[in-house]
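Structure record follows, encoded as structure tokens.
In the text below, chain A, chain B and the rest are named by the order of the sequence lines, each starting its count at 1. Quantities reported herein were computed from a predicted structural model and do not represent experimental measurements.
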2 protein chains.
Amino acid sequence: METSNVIESFSALAQATRLDIFRLLVRQEPDGLPAGEIARQLSVPHATMSAHLSVLSRAGLVVSRRQGRSIIYRANLSHMQEAIRFLVRDCCAGHPEVCGPLAESLIGCTPNQDRE
Amino acid sequence: METSNVIESFSALAQATRLDIFRLLVRQEPDGLPAGEIARQLSVPHATMSAHLSVLSRAGLVVSRRQGRSIIYRANLSHMQEAIRFLVRDCCAGHPEVCGPLAESLIGCTPNQDRE
DNA sequence: TCCATATTTTTAGAAATATGGAAACATCAA
DNA sequence: TTGATGTTTCCATATTTCTAAAAATATGGA
């Protein structure tokens, strides 16, 4: 992943509504959710929601497909994975004391894991 | 870590100069670097640099200490670790297929690891 | 104290982003 | 084709962010 895309991705997630959208879509995997339903659940006007979805989409954090009149949005989990790898890469080479604990905390990752 | 702090952290990293600052400081761990030296290395005017450093500092991504006339900045690696954990948490509970590969990629983390 | 150095604060203009109503566009059913 | 539904685009306004010069503040040495 390139720097510009990483910045675009962080920028997309650095906004309360968009962070909510992304986390909602993560919970809806792998089915996704139509744009209108996302707007309804988060109480955001369609026009505003559409703008936010396009930001997330351009960053690559969500993908969409048309289904009849609806457009279904899904979280792009592998993209998020790439962005995180980018962030960790620098400390990884030289500071394994950071990545070690992080890796451990992911190892125990199970569907019903405690949420600290 | 709270949502507002996560947004603040992503927002801080979603800017080219600040991402460069943070990555530079990660490479300088654990010694850190004085503000003026960071400005020099990245060719950024001091006033601009100071503004960026204060954004990173407020987000908690860097910490500083005075040493004589200089102020030494260091990357706050554990803060970054927390931010990443927040981002991963949602998919972790329900989508271990994302966290599994991510964890594996961190396990092999050694000082001279390849950078893909 | 006075001066040089290091950094931050103040300030302000330019650019980018957020918001949401109204209109336009796309799809499907009758 | 007409109408209903779902979504996006257009547009204007409000807000935030970026940038960097100038001034202010902090420190240490002479």
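- Between D:dT9 and A:H46, no contact under 4.0 Å exists linking OP1 or OP2 to a side-chain N or O.
- Residues A:N5 and A:T3 have side chains that never bring a donor and an acceptor to within less than 3.5 angstrom of each other.
- Annotation for A:S9 and A:H79: closest pair OG-NE2, 2.9 Å, computed over non-hydrogen atoms.
- Sorted by residue number, the members of residues 53-66 of chain B with any non-hydrogen atom under 4.0 Å from DNA chain D read B:R66.
- Remark: P of D:dT7 and CZ of A:R40 are 12 Å apart, rounded to the nearest angstrom.
- The CD atom of A:Q15 sits 14 Å away from the C1' atom of D:dT17 (whole-angstrom rounding).
- In plain terms, the two heavy atoms of A:Q15 and A:T17 that are nearest each other are OE1-N, 2.9 Å.
- Each of B:Y73 and A:R18 has a nearest nucleotide on DNA chain C; the 5'-most of these lies closest to B:Y73.
- If you walk DNA chain C from 5' to 3' and mark each nucleotide with an atom closer than 4.0 Å to a heavy atom of chain B, the marks span C:dA4 to C:dT9.
- Using a 4.0 Å heavy-atom criterion, one finds that B:S70 contacts the sugar-phosphate atoms exclusively.
- Using a cutoff of 4.0 Å between basic side-chain nitrogens and carboxylate oxygens, A:E8 and A:R58 are not scored as salt-bridged.
- The CD1 atom of A:I7 sits 14 Å away from the C1' atom of D:dC18 (whole-angstrom rounding).
- Taking each heavy atom of A:Q41 and A:L24 in turn, the nearest pair found is OE1-CD1, 3.6 Å.
- Closest of all the heavy-atom pairs between A:F10 and A:A83 is CZ-O, 4.4 Å.
- You'll find the side chain of A:L25 reaches within 4.5 Å of the side chain of A:I38, heavy atoms only.
- Nearest heavy atoms, A:A12 versus A:L61: CB-CD1, 4.0 Å.
- Residue B:A47 places its side chain closer to D:dA20 than to any other of D:dA20, D:dC18, D:dT9.
- Of all nucleotides present, only C:dC3 satisfies the Watson-Crick or G-U wobble test against D:dG28, with each distance under 3.5 Å.
- Taking side-chain N and O atoms only, B:T48 has a distance below 4.0 Å to OP1 or OP2 of D:dA20.
- Computed from coordinates, the A:I72 CD1 to D:dT8 P distance equals 11 Å when rounded to whole Å.
- Comparing D:dG28, D:dT7, D:dA22 by their closest approach to the side chain of B:R69 singles out D:dG28.
- Residues B:E37 and A:V44 both approach DNA chain C. Their nearest nucleotides, taken by heavy-atom distance, put B:E37 toward the 5′ side.
- Of all the heavy atoms in A:L13 and B:I7, the pair that sits closest is O-CG1, 4.4 Å.
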